[in-house]
Amino acid sequence: MSLIPSSFFGGRRGNIIDPFSLDVWDPFQDFPFTGGALSAPRSELASDTAAVANTRIDWKETPEAHVFRADLPGLKKEEVKVEVEEGRVLQISGQRNKEKEEKNDRWHRVERSSGRFLRRFRLPENAKVDQVKAAMENGVLTVTVPKEE
């Protein structure tokens, strides 16, 4: 039973009663309007926000582990950070850099997002947070968190 329509959270499936079904969300953290960003052009603010919103991550649970997969095309493993914070919060973050503009370039369309991204997931009690493993292959980040038996 869902108390909030799934479209409310951008199509994410979740149950408001289940603490593991929704991302840990802080509405003001990394908000693009801090630090004088109000003077930035509207399209730049929109692309920074889109980079955060468009980082899609799948989370599945197997009998042995919790497995997170993120599509991060064009990023190197050095540009992605995987951390466990506050004891049980898995944080995946990084940055997509904007392509350098040359004086003679004429852009017809810009659809790829750039900017920082950050996603957080509260791990359940059975997660072995001291044994988290991450691997990046062909633009797909896979984070494996083993479970206690």
TODO: For the pair Leu123 and Val89, evaluate side-chain contact (heavy atoms from CB on, under 4.5 Å) and give the outcome as yes or no after the intermediate values.
DONE: CA-CA 6 Å; Leu123 296 171; Val89 177; over 6 Å; no
Open item on the list: Going by the rule side chain to side chain donor-acceptor pair (under 3.5 Å), which residues pair with Arg106 if we only count those two or more places apart in sequence or in a different chain?
Closed with: none
Open item on the list: My understanding is that only residues two or more places apart in sequence, or in another chain, count here; which of them pass side chain to side chain donor-acceptor pair (under 3.5 Å) with Glu61?
Closed with: Lys147
What are the two closest heavy atoms between [X] and [Y], and how far apart are they?
X: Ala65; Y: Pro146; value: CB-CA, 3.9 Å
X: Trp59; Y: His66; value: NE1-ND1, 3.2 Å
X: Phe117; Y: Gln95; value: CE2-N, 3.6 Å

- [ ] Please assess Lys81 against Leu118 for the test side-chain contact (heavy atoms from CB on, under 4.5 Å), listing each intermediate value before the final yes or no.
- [x] CA-CA 9 Å; Lys81 186 188 278 188; Leu118 172 81; over 6 Å; no
Open item on the list: So Ile92 and Thr55, do their side chains get closer than 4.5 Å, heavy atoms only?
Closed with: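 In short, these two side chains do not touch, never coming nearer than 4.5 Å.
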Task: Contact check, side chains of Leu72 and Val140, non-hydrogen atoms, under 4.5 Å - done: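 No - every pair of side-chain heavy atoms lies 4.5 Å or more apart.
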Task: OG-CZ distance between Ser93 and Arg119, expressed to the nearest 0.5 angstrom - done: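 If I round to the nearest 0.5 Å, the distance is 12.5 Å.
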- [ ] Assess the side chains of Arg120 and Gln91: does a donor N or O sit below 3.5 Å from an acceptor N or O?
- [x]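 Yes, side-chain donor-acceptor contact under 3.5 Å.
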- [ ] Apply side-chain contact (heavy atoms from CB on, under 4.5 Å) to the pair Arg88 and Glu86, showing each step before the final yes or no.
- [x] CA-CA 6 Å; Arg88 296 221 164 281; Glu86 302 166 15; over 6 Å; no
- [ ] Give the C-alpha distance, both sets of side-chain angles, the deciding distance and a yes or no for side-chain contact (heavy atoms from CB on, under 4.5 Å) between Lys60 and Thr62.
- [x] CA-CA 7 Å; Lys60 75 174 178 179; Thr62 68; 4.1 Å; yes
Task: Parallel, tilted or perpendicular: rings of Phe121 and Phe68 (30°, 60°) - done: tilted
- [ ] Look at the side chain of Arg69 and the backbone N and O of Ile57, then say whether any donor-acceptor pair between them is shorter than 3.5 Å.
- [x]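 Side chain of Arg69 to backbone of Ile57, a donor-acceptor pair under 3.5 Å: no, none is there.
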Open item on the list: So for atom CD, which belongs to Glu149, do other residues, nucleotides or ligands contribute more than 12 heavy atoms lying within a distance under 6.0 Å?
Closed with: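 At most 12 heavy atoms, drawn from other residues, nucleotides or ligands, come within 6.0 Å of this atom.
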Ignoring hydrogens and angles, write down the donor-acceptor pairs under 3.5 Å from the side chains of residues 128-138, residues two or more places apart or on other chains.
none

